[in-house]
Amino acid sequence: MSTGDLYTRLQAAFLLLDDGDRRLLARHGLTPTQLATLNALDPFEGHRLIDIAGRLLVDKSTVTRLIDRLEQQGLVQRVADPTDRRAQRVRLTASGVARRAQAQAAHDQSIALRLGALRHTDIAYIGSLLGTLNASLQEQLGHDTP
């Protein structure tokens with residue numbers, strides 16, 4: 001198998017997994033990116049928009065739109081940053097904590113079902129290979145661990 005063939009298979013697997021995520025999370029009123037955003041937040045400390053953008057590997061304007069939508073749903077709130085008067089932090093609301101927990105539990109069950117064709121040894125091996133690949137890609141692209 002060539003590296004091009006491998007890339008095509010990885011991309012196809014990603015697209016199928018992403019489609020499954022989108023379908024499942026739509027039942028919880030979320031997109032995969034919105035769940036990732038909720039997972040990046042906590043109900044107490046909160047995080048600055050620029051930090052969320054870095055973690056999700058998107059630009060700040062994308063995070064601003066994501067937070068706007070999540071705020072409209074009552075899942076997050078913006079609060080003043082205690083260390084920088086010009087900045088805001090975003091933190092989960094009680095509704096956000098509950099929705100995240102429900103969606104994440106359903107997502108975890110879905111992952112187990114979708115990856116159920118793999119043996120535990122296969123999962124460990126593929127996980128190890130993907131860990132190596134991810135570390136190399138992060139180094140090449142100059143990214144911190146998301």
Side-chain angles (χ1 to χ4, degrees), residues 3 6-118 120 122-146:
T3 55
L6 176 60
Y7 182 86
T8 299
R9 286 186 182 191
L10 286 170
Q11 189 175 44
F14 167 78
L15 292 172
L16 290 168
L17 289 168
D18 187 58
D19 182 55
D21 289 349
R22 284 186 289 109
R23 290 173 188 230
L24 171 82
L25 293 173
R27 290 181 261 176
H28 295 274
L30 297 170
T31 66
T33 305
Q34 288 172 328
L35 180 59
T37 303
L38 294 178
N39 283 332
L41 299 173
D42 64 66
F44 304 109
E45 182 180 325
H47 298 282
R48 292 173 51 171
L49 292 175
I50 193 72
D51 297 330
I52 298 167
R55 186 166 179 184
L56 298 177
L57 302 178
V58 298
D59 60 49
K60 190 176 173 223
S61 65
T62 299
V63 169
T64 299
R65 288 189 301 274
L66 275 166
I67 297 304
D68 286 346
R69 289 186 195 108
L70 292 170
E71 194 171 36
Q72 289 169 358
Q73 294 182 52
L75 304 177
V76 301
Q77 65 183 31
R78 287 178 169 94
V79 296
D81 187 323
T83 62
D84 183 350
R85 291 184 350 191
R86 300 166 296 163
Q88 291 182 325
R89 289 186 171 270
V90 178
R91 64 181 177 202
L92 288 172
T93 63
S95 295
V97 170
R99 177 90 61 89
R100 177 179 69 180
Q102 290 173 332
Q104 191 61 57
H107 189 247
D108 291 345
Q109 287 178 335
S110 176
I111 290 170
L113 179 66
R114 289 183 281 159
L115 298 183
L118 299 174
H120 291 290
D122 295 334
I123 291 170
Y125 183 61
I126 293 168
S128 175
L129 292 174
L130 289 174
T132 301
L133 177 61
N134 287 344
S136 174
L137 292 171
Q138 287 168 2
E139 184 178 320
Q140 290 174 35
L141 300 172
H143 290 294
D144 291 330
T145 304

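Because only heavy atoms are used, hydrogens play no part in the values below, and waters and symmetry mates are left out as well, while side chains stay in.
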Trainee: Which residue pairs satisfy the salt bridge (Lys or Arg N to Asp or Glu O under 4.0 Å) criterion with at least one member in residues 103-116, sequence neighbours excluded?
Mentor: D21-R114
Trainee: For the residue pair Q77 and E71, what are the closest heavy atoms and their distance?
Mentor: CA-OE2, 4.1 Å
Trainee: Give, for atom OG1 of T83 and atom CZ of R48, the distance between the pair rounded to the nearest 0.5 Å.
Mentor: 6.5 Å
Trainee: How would you list, by chain and number, every residue that makes a salt bridge (Lys or Arg N to Asp or Glu O under 4.0 Å) with D122, sequence neighbours excluded?
Mentor: R119
Trainee: Between R22 and D18, does any NZ, NE, NH1 or NH2 come within less than 4.0 Å of an OD or OE carboxylate oxygen?
Mentor: yes
Trainee: Quick check for you: to the nearest 0.5 Å, what is the distance between I111 atom CD1 and Q104 atom CD?
Mentor: 7.0 Å
Trainee: Could you tell me the separation between the CG atom of L66 and the OG1 atom of T37, rounded to the nearest 0.5 Å?
Mentor: 4.5 Å
Trainee: Report yes or no: does R100 contribute a side-chain atom to a donor-acceptor pair with the main-chain N or O of L41 at less than 3.5 Å?
Mentor: yes
Trainee: Which distance, rounded to the nearest 0.5 Å, do you find between the OG1 of T8 and the CD of Q11?
Mentor: 6.5 Å
Trainee: Any side-chain to backbone donor/acceptor pair from D42 onto G46? Under 3.5 Å, distance only.
Mentor: yes
Trainee: Check the pair D51 / R55 against salt bridge (Lys or Arg N to Asp or Glu O under 4.0 Å), numbers first and verdict last.
Mentor: CA-CA 6 Å; D51 297 330; R55 186 166 179 184; over 6 Å; no
Trainee: Of all heavy-atom pairs between P32 and L25, which one has the smallest distance, and what is that distance?
Mentor: CA-CD1, 3.6 Å
Trainee: Which heavy-atom pair separates V90 from I67 by the least distance, and what is that distance?
Mentor: CG1-CD1, 3.8 Å
Trainee: Do the non-hydrogen side-chain atoms of Q34 and Q73 ever get within less than 4.5 Å of each other?
Mentor: yes
Trainee: S95 and G74: which non-hydrogen atoms are nearest, and at how many Å?
Mentor: CB-O, 3.6 Å
Trainee: Output the distance between atom CD (E45) and atom CZ (R89), rounded to the nearest 0.5 Å.
Mentor: 5.5 Å
Trainee: Quick one: does any side-chain atom of S110 pair with a main-chain N or O of A106 as donor and acceptor, under 3.5 Å?
Mentor: no
Trainee: Got a second to check how far R65's CZ is from D59's CG, nearest 0.5 Å?
Mentor: 6.5 Å
Trainee: Does the side chain of V63 come within less than 4.5 Å of I50's, by heavy atoms?
Mentor: no
Trainee: With heavy-atom distances below 4.5 Å as the criterion, would you say the side chains of I52 and V58 are in contact?
Mentor: no
Trainee: What do the steps show when you test D68 against R78 for salt bridge (Lys or Arg N to Asp or Glu O under 4.0 Å), and what is the final call?
Mentor: CA-CA 9 Å; D68 286 346; R78 287 178 169 94; 2.8 Å; yes
